[in-house]
Amino acid sequence: MGKYLLERLGLAVLTLVLLSMIVFVAGQVLPGNPGRAILGHFASQSAVAALNRQLGLDKPLPVQYWDWISRFAQGNLGRSYQYSAPVSQFLWPALGRSLELAVVAFVIVVPLSILGGVTAALNRGKAIDRIISIAGLSLATVPEFVSGIVLIVIFAIELEWLPVDAQSQGSFFTVLPSLILPAIALVFVLFGYIARMARAGTVEALDSDYVRTATLKGLPRRTVVFRHVLRNSLLPTITVIATQTGYLIGGLVVIETLFNYQGIGRLIYDAALSKDFPMLEAGILVIGVVYLLATLIADVLYTVLNPRLRLQGAE
Amino acid sequence: MATTEADDLRSGGVLDASSKRLRREQLRLLVRSRTFKAGAAILLVWIVCAVFGGLFRPYNPLAQNLLNINQPPSARHLFGTDNLGRDVLSRVIIGSRDILVIAPLATVLGTVLGTVLGLLQGFYRGAVDAITGRVVEAFLALPVVIVAFLFIVAVGPSEASLIIVIGFAFGLVISRTVRTAVLQERELDYVAAARLRGEGAVHTMFVEVLPNILAPIIVEFTVRLGYAIFAVATLSFLGFGVRPPTPDWGADIAANAQYLAAGYWWETLFSALAIASLITGINLIGDSIESVIIQ
Amino acid sequence: MTLALPAETSPTPQDRHTLEVDHLDVAYTVRGNDRLTLRDISFRIGQQESFGLVGESGCGKSTTVQAITRYLPRNGRVTAGSITMGGRDVMSMGPEGLRRLRAREVSVVYQEPGRALNPSMRIGRQVAEVFEIMGSPRKEAMERAGHALRTVQIADPGRVIRAYPHQLSGGMLQRVVIAMAIAVEPSLLVLDEPTTALDATVEAEVLDLVSGLREQFNTAVLFISHNLAVIAKMCDRVGVMYAGEIVEQGAAQEVFDDPRHPYTVGLLRCVPRRGHRKDHDRLDSIPGFLPSPGEVPTGCVFATRCALADDRCRSETPAMEDVGGARASRCFKHEEAPALPRATPADVAMRSGRTSSEPVIRVEHVSKTYSARGESVRALVDVNLELYPGETLGVVGESGCGKTTLARVLLGLTAPDEGSVVEISGQRVAPTAARRGRDELRLLQIVFQNPDAALNRRHSVRHIVGRTLTKLAGLDGEEREERLIDIVRSVRMEPRHLPMRPAQLSGGLKQRVAIARAFAGQPAVLVCDEPTSALDVSVQAAILNLLVDLQSREQVTYVFISHDLGVVRYLSDRIAVLYLGRIMEYGPAESVFAGPHHPYTEALLSAVPTLDGTGRERIRLEGDIPSPADPPSGCVFHTRCPRRLADGTCETVEPPLREVEPGKVMRCHLPLDELGRLEEQGASSRSSDDRGHEVGPHAVDHDVEVVGGLDP
């Protein structure tokens, strides 16, 4: 098992390196002329050239990449063009706020979607199954900004239960009420997918030979479901949930913009609008790291919970 | 010798399903399914709007009327007017145009790219698979919207860059599905049989294996088409897609979202419903295709 | 109009029956239509009696089990008839009654032990559950679980209790499942193909175990199998099923010795028996095809395939008729049944034997080592073979013996280790198919086990065979078309089959297409890798006949790989017995079957159940087949060998292959006169080592050593 996890960690690091290359190419190479981008249209040609030299842009690409990535590795995320201040000053607080929102969304969606998926599977073919499946599918297809708008219209404007904007300042519990609407918009997108996977896993387990064995042993239905079905069907769902963090972050960009919440999605969005490449690159790399960490944790969990993998080589 | 056997073969052994009949049967099942009908109807409405919308839109979607702004739905303006006094209904009708060009093109690009990439990965495995697999993995560590962001900002927003960026990102996703299917297929003995008659790699990939993995590719295509609409609308909403004043659902929602608090819900809601209905329609079609071809 | 079933004559008193099934009909709902899958099934099982249901695939035997345990698929339901267990009506039970019935009265053992246990729970816990249901507290249940495992002769219950299913072998898992089944001493034990997924030597052990437990616990048994010999060995009475009906019923030995339904007669004639050989006997076959599922023919279900059928058979449905001696047959002409005319003429026109003194294929020092994750698996170790034109080499062995690897190496699908030599007609061929030229490819072809996988399902028969003609025979245009039709006819198919795709053809026809493809390039050597294992016995017979005809006409050499000794013996001129990648014994077929045998060959031969039941003393092997990744020291067979030398030689020194008779080699330390000779002992009984009275597909491919990922 240890060997497997080490291998898995190695792969994650490799992926991260590749990811950084992609971000480097997109952020540093494709846009062409950062000097011009920083100084604007009216700067003189020589000033632009001087700045480019100062930024090291006259060096060969591999050297530029090495300089760039080693700076990152040392924790220096660079200086924002738009604020003329260190990126880290904005990035870390924004990440923290996004994680708060993500936690609220996950706390709502994980139990709800697993419950939904399992309920649908146990009532396969019946009306409740169709309802859950179709509802999940429909919700997952609606972009967050659409469902977000509908939520705002109903709960913030018509009913006035919750605020239109999400508060960015204050302790977790004081901002919590304002996070509920954006979290629900995220939940809508995630629910269908997780529920679908939970349903598929449960259906597979229900049809398995070992569940047949358990049933024909004369075990009560409840025991069969909890001990034999769920134990096997929910394991793969862990991995699914982890991969959803990626989509969740994608959704954050939209939701944070719509609800005016100062998270990392909003930060990247603003950076992109103002072509603040250092901010954009750092933000995207951080998102990549968060995603890779989430999948890594899920893999470790999966390995620990699955006797097949856990005991590999231990015999 | 053994004439009896041959005689019997004449009478039986052939199952009741010619390939044409099977395909016709599948098509019949598909067309008859309620899900497909509903999805097709929705899609058809939007295609008609995109192609012929110019003929029946009530007003010029670009015509501003500053004396008539933020009007709620009425008999004259069924969906009301926006903050520049433009007719929302007309904008919703014409707003279907760009998205219905960009999303399908991006999906086609992605499907072709993903199929070729997946075939190569699954077929050569080894180093090719390991290297491309890692790169794909790295891309997929980022949400499509963010990848799109990064590249569109880098190369500048335009219809073409939307298509290329979304198509490329989807190609990577689709390549995973195709690769898995190829890995399953290549273990089957018919691939070994092809090797044993000296077929080259290209023939084996495209003539032997590809026809057998069309079903998951078709399903993947329809699923991705839904996501492509999603992505194009989102990017437009964020200002990286279709630019104002061209009517576009995502961009219009972004432009009018600020007036929601004032209670002008019609300016955003109808575009939002348009997006939701289009995606739902495509998903219904995809779902019914999936249930027919993958049994 | 259906007669009451004749009274049982089993040795035990039959006042009360453990199970009574009366006029049972089961239907599946497919796309809104009811398909009648079981019709008028009636049988009884007395206390302590064992009853067998036997039939080809699709006959409904497993559906019967599902109906009895009320575990039908969601679209299946009982539409008529009754099931009574211990005097209680099973069909009318509520959920709680049903649960109690399953907990106490009836236990089921299925085919795939690897899937029958929960992969994420320890074995001990799963066995203990059975006792917890009966009210034992958890700790006591655990203790009883250990005891239960000892009952099924698991030597090391402590280890097994703590293990997860994936850590145990198939044979061991099936013992665990049997332990759970028998633990509560049910009144009925249902075994649904319990040994089909197991190797022959392991199967023999499990069958012995079941017989022993039956005596110990006095349990009634319902045994389902496609294998006639297994049923003959395990059951007092038998019901033969065909297309959803029981067509014949009676004491097992009588039914097999003197069948009274044309289907049973035909089925028994399809089986290669001892003494039958390709050069002087032809197998019979059952003409025609099984009716498609749900199709209810007017008249007798078997009439379309029956040479005795007349107008009455085709218009009137026969009921079970008492044919005397406590037997019943669902046939109007049961008296004539034994005289059923053959469907295939018995005489053979064979050009037999070796026609050339030059070997057509020579295999020298062929080894194959797979390596993965630092472990290396020696799948083949120094294999040497020589075959002449028109000969058949039978390759036999169990899981992990390397027989499939041998096939792949010969064909170049897997590259052998350095130093391995494969020569065709004196010419050394390249190690991989990719580097072989057209002629090298053409001369060596294969018929795979499973035609569904071997034929591209998107291509027509014309494309499949025609493309091979283009690539290997270099034909095109009219010439190709002519040859295409020739070949298709030579496998007894018609030009009208050419535009069809595999999905439109039955299993037997698909395998014919695969054979046509293999012959398209006029090969010198054809590897047949279990070509009939996926087929029912009646289809198998026709395919074997076809292979024999083609061989005699084309003088092609076969390398015939099979786990089925009966088939191998019928076809082969030479036999190679493989164990853990090594040739254990290799020589002329008669000599290998006559003995003296290598101890492993002896065990294989004696493991096989016989139809007449007059078993000789059986040699039982201890334990499971070792993993090829970690083979035993010395002689690889010593861990299971009943004859291993007391002085420890076998444990330390690997015996060389030595010539024991002209042309026959053996890998064993024992002197020849200490080895067993099964044929002599059994020579007086008619068919003491019949193997392979199998009437259904062997559902699982035993060979597991070829893992795709290992293939470079």
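Sequence lines set the chain letters: A, B, ... in the order given, protein chains first and strands last, and positions in each chain run from 1.
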Which portion of [X] sits near chain B, non-hydrogen atoms under 4.5 angstrom:
{"X": "C/Leu455", "value": "backbone"}
{"X": "C/Arg457", "value": "both"}
{"X": "C/Glu440", "value": "neither"}
{"X": "C/Arg517", "value": "side chain"}

Using a 3.5 Å distance criterion without hydrogens, assess whether the side chain of B/Asp287 forms a donor-acceptor pair with backbone atoms of B/Asn283.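 Between the backbone of B/Asn283 and the side chain of B/Asp287 there is no qualifying donor-acceptor contact (under 3.5 Å).
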Between C/Asp452 and C/Lys510, what is the shortest heavy-atom contact and its length?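 Nearest heavy atoms, C/Asp452 then C/Lys510: OD1-NZ, 2.6 Å.
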Contact part of B/Glu185 toward chain C, heavy-atom cut-off under 4.5 Å: side chain, backbone, both or neither?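 Contact with chain C involves the side chain of B/Glu185 alone.
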Identify which part of B/Val207 has an atom lying under 4.5 Å from any heavy atom of chain C, answering side chain, backbone, both or neither.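 Both parts, heavy atoms under 4.5 Å.
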Please determine, among C/Leu472, C/Asn450, C/Ile464, C/Asn456, the option with the most heavy-atom pairs under 4.5 Å with chain B.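 Highest number of pairs under 4.5 Å: C/Asn456.
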Can you classify the ring geometry of B/Phe168 versus B/Phe139 as parallel (below 30°), tilted (30 to 60°) or perpendicular (above 60°)?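 Correct class here is perpendicular.
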Intermediate values then yes/no, side chain to side chain donor-acceptor pair (under 3.5 Å), B/Thr177 and B/Glu220: CA-CA 8 Å; B/Thr177 311; B/Glu220 193 66 38; 3.0 Å; yes
Audit row: B/Arg195, B/Asp189, salt bridge (charged side-chain N to carboxylate O under 4.0 Å, His left out) steps and yes/no: CA-CA 10 Å; B/Arg195 281 169 72 188; B/Asp189 289 333; over 6 Å; no
Pairwise side-chain contact, C/Thr404 with C/Asp529, heavy-atom cut-off 4.5 Å (strictly under):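 When only atoms from C-beta onward are counted, C/Asp529 and C/Thr404 do touch, with a gap below 4.5 Å.
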